[in-house]
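In this chain, residues are counted from 1 in sequence order.
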Amino acid sequence: MIVAVVIIKTMNKRIRLFPYGTMVNDENHLVVGGCDVVELMAKYGTPLYLFDELTLRNRCREFKSEFGKRYADITVVYASKAFLHTAIAVLLKEEGYGMDVVSGGELYIAETANFPMDKVYFHGNNKSADELNTALKCCVGRIVVDNYNELCALAKLTENGGYTQDILLRVTPGVDAHTHSHIATGGFSSKFGFSLDNVEDGISHAMSLPCLNLVGLHFHVGSLIGEVKPYLDAISVVLGLAAEMKEKHGFVLKEFNIGGGYSVPYTTEDIIPEIAYYAEQIAECITNTCQSLRLKLPHLVIEPGRSIVAQAGVALYRVGNIKDAAGLVRYVAVDGGMADNIRPALYSARYEAVLANRMNEDNIEQVTIAGHFCESSDILVHGIKLPQVNIGDIIAIPVCGAYCLPMGSNYNAALKPPIVMLSDGCDRLIRRRETYQDLTHCDVG
């Protein structure tokens, strides 16, 4: 059994949190994707978000390889809510991935990138009639039905429109994912999915509907899951349900979607199982459980999101002010914050940081990196040791590829930052910085 874990250590041990191949050059500058971040800052300004293409592709390939060698009949689907952009969608298409979307907007971005619609899975706990109609017209591969009302509404839309649609039912397995309560989705009290006490009605009704083809079941127990046990518990519950429904209603589980939620290290203290460990344990559990329940092995679908993009992203900020507060805290204020990364304020998320323009200096003072927005909770990193920080220094925060930008806002009428894709020493702007004119672009009257 594989028990390898990701343990981060070294000189500037924080560097291992950055994208693959990150290094320090002779000028003591951080180099990401073959590009000096000080030069990138001079070219594009700050705040600035970087994405490394090599890291994105390597993570995509690692999931396909590690799961594929242990469970042959598998599809890997990217959970686009982690971060979606047309450039990301094109890369995923090139890597042979499917895509999980949860809104008409995400579906539109996928369409814009000419992403294959038959590889799209449409999720969501309250899809509108317009969104469902759009999904039907686009011929998405699967609609993941979240509740009985949606099942009935979708049945009517397919019948009236002359569509036939493959669906999965989302099941809430009642499993504790041992993660933050805001990102736990598999417990009995979750707003998502059919609960175990009413899913039988959903399955039997779905099987009776001529325009809907129930091909399987889906569950998702949460996000930032740093252990494999919640997956194994949920797999056992849902496969047990499938066996019971086979006995009672003749239901055949052709497709089994176990969601995503695989964790990533955000700090040097985080110890996270490697993808190979998740893959081995999950594949073994499904195989053994199906054998014991006399179920044919279903087509397996996994939906990683954060674990594909998180490490690929880096946020750059410039230091604008330094304040000693009553001798208790030294605040280093930067030109971004909760408008581009609300995760620390929302989830108490922890990050590391480096001085990107002075990488090889000793970490000698403890500081708190504060954003420039009008909220006391606008803190990016609490109590981190850095070299002596000066106004004008560049702060780089790793593991910012997931959820930072999608959850971004224009709070305090802030301008959303540009995004630059890096590849083998070349930089490519994929989203320009917003302008003040953009802030009023949609205003009327």
Side-chain angles (χ1 to χ4, degrees), residues 1-2 4 56-80 82 89 91-101 110 115-123 140-144 166-171 173 186 213-223 225 228-239 241-243 252-264 273-293 295-309:
M1 183 176 71
I2 299 171
L56 290 168
R57 291 191 185 276
N58 281 358
R59 294 295 286 178
C60 284
R61 293 167 188 177
E62 188 176 4
F63 266 97
K64 289 185 75 173
S65 172
E66 295 299 342
F67 273 87
K69 70 176 68 169
R70 295 169 174 87
Y71 197 101
D73 190 12
I74 187 168
T75 296
V76 187
V77 174
Y78 173 67
S80 66
L91 184 148
L92 292 165
K93 179 173 60 174
E94 292 171 351
E95 294 296 328
Y97 263 50
M99 187 184 298
D100 147 4
V101 302
F115 197 86
M117 288 294 110
D118 63 335
K119 291 187 174 183
V120 170
Y121 285 66
F122 194 11
H123 292 258
V140 299
R142 303 285 187 270
I143 293 178
V144 182
D166 289 341
I167 65 170
L168 306 175
L169 296 192
R170 177 166 182 169
V171 180
N213 180 28
L214 177 60
V215 297
L217 301 174
H218 166 275
F219 72 80
H220 179 66
V221 293
S223 191
I225 303 170
V228 77
K229 188 176 184 299
Y231 293 102
L232 307 186
D233 291 344
I235 286 166
S236 297
V237 168
V238 179
L239 287 179
L241 169 69
V252 177
L253 182 71
K254 298 176 183 176
E255 187 169 304
F256 189 33
N257 187 326
I258 64 169
Y262 311 97
S263 194
V264 297
E274 292 189 3
I275 296 171
Y277 182 66
Y278 285 113
E280 181 176 281
Q281 295 294 301
I282 287 169
E284 182 179 329
C285 181
I286 294 173
T287 301
N288 292 342
T289 305
C290 283
Q291 184 176 13
S292 68
L293 293 172
L295 291 174
K296 183 180 178 181
L297 284 178
H299 178 71
L300 176 62
V301 180
I302 60 170
E303 296 178 329
R306 180 196 312 270
S307 45
I308 298 292
V309 293

Novice: Keeping the roles fixed (side chain from S65, backbone from R61), state whether a donor-acceptor pair exists under 3.5 Å.
Specialist: no
Novice: I need the L169 CG to I143 CD1 distance, nearest 0.5 Å.
Specialist: 12.0 Å
Novice: When you measure from the side chain of S292 to the backbone N and O of T289, does any donor-acceptor pair fall under 3.5 Å?
Specialist: yes
Novice: Which distance, rounded to the nearest 0.5 Å, do you find between the CG of L241 and the CG of L253?
Specialist: 9.0 Å
Novice: Provide the closest heavy-atom pair for G68 versus I74 in the form atom of the first, atom of the second, distance.
Specialist: CA-CG2, 4.0 Å
Novice: Closest heavy-atom contact between S307 and V264?
Specialist: CA-CG1, 3.6 Å
Novice: Just so I know, are the side chains of P173 and D233 near enough to count as touching, which here means a heavy-atom distance under 4.5 Å?
Specialist: no
Novice: Answer yes or no: is there a donor N or O on one side and an acceptor on the other, between the side chain of S80 and the main chain of D100, under 3.5 Å?
Specialist: yes
Novice: Got a second to check how far Y71's OH is from E284's CD, nearest 0.5 Å?
Specialist: 13.5 Å
Novice: For K254, is the NZ atom crowded, meaning more than 12 foreign heavy atoms sit under 6.0 Å from it?
Specialist: no
Novice: Roughly how far, to the nearest 0.5 Å, is the CG atom of N213 from the CZ atom of R142?
Specialist: 8.0 Å
Novice: Mind checking whether L293 and L239 have side chains closer than 4.5 Å, heavy atoms only?
Specialist: yes
Novice: Please report the interatomic distance CD1(I275) to CD(E66), rounded to the nearest 0.5 Å.
Specialist: 7.0 Å
Novice: Just verifying a value: how many Å separate E255 CD and D166 CG, rounded to the nearest 0.5 Å?
Specialist: 8.0 Å
Novice: Centroid-to-centroid, H123 to H220, below 6.0 Å?
Specialist: no
Novice: For a side-chain contact (heavy atoms from CB on, under 4.5 Å) check, start with the C-alpha distance between I235 and F256, then their side-chain angles and the critical distance, and finish with the verdict.
Specialist: CA-CA 9 Å; I235 286 166; F256 189 33; 4.1 Å; yes
Novice: Where do F115 and V120 come nearest, in terms of heavy atoms and distance?
Specialist: CD2-CG2, 3.9 Å
Novice: Testing the basics here: between A82 and R306, what is the closest heavy-atom pair and its distance to 0.1 Å?
Specialist: CB-N, 3.7 Å
Novice: Tell me if the centroids of the rings in Y97 and Y78 come within less than 6.0 Å of each other.
Specialist: no
Novice: Mind checking whether F219 and I258 have side chains closer than 4.5 Å, heavy atoms only?
Specialist: yes
Novice: Of the non-hydrogen atoms in Y278 and S263, which two are nearest, and what is the gap between them?
Specialist: OH-N, 3.5 Å
Novice: Between L300 and D73, is there a side-chain heavy-atom distance shorter than 4.5 Å?
Specialist: no
Novice: For Q291, look at atom CD and say whether over 12 heavy atoms of other residues, nucleotides or ligands are found less than 6.0 Å away.
Specialist: no
Novice: Main chain of E95, side chain of R57: is a donor-acceptor contact present, judged purely on distance under 3.5 Å?
Specialist: no
Novice: Just do the side-chain contact (heavy atoms from CB on, under 4.5 Å) check on Y231 and Q281 with the steps written out, would you?
Specialist: CA-CA 9 Å; Y231 293 102; Q281 295 294 301; over 6 Å; no
Novice: Kindly indicate whether the side chain of C285, heavy atoms from C-beta on, has any atom under 4.5 Å from the side chain of V228.
Specialist: no
Novice: Decide yes or no for F67 and I282: does some side-chain heavy atom of the first lie under 4.5 Å from some side-chain heavy atom of the second?
Specialist: yes
Novice: Do you know the tightest heavy-atom contact between A283 and R70?
Specialist: CB-O, 3.7 Å
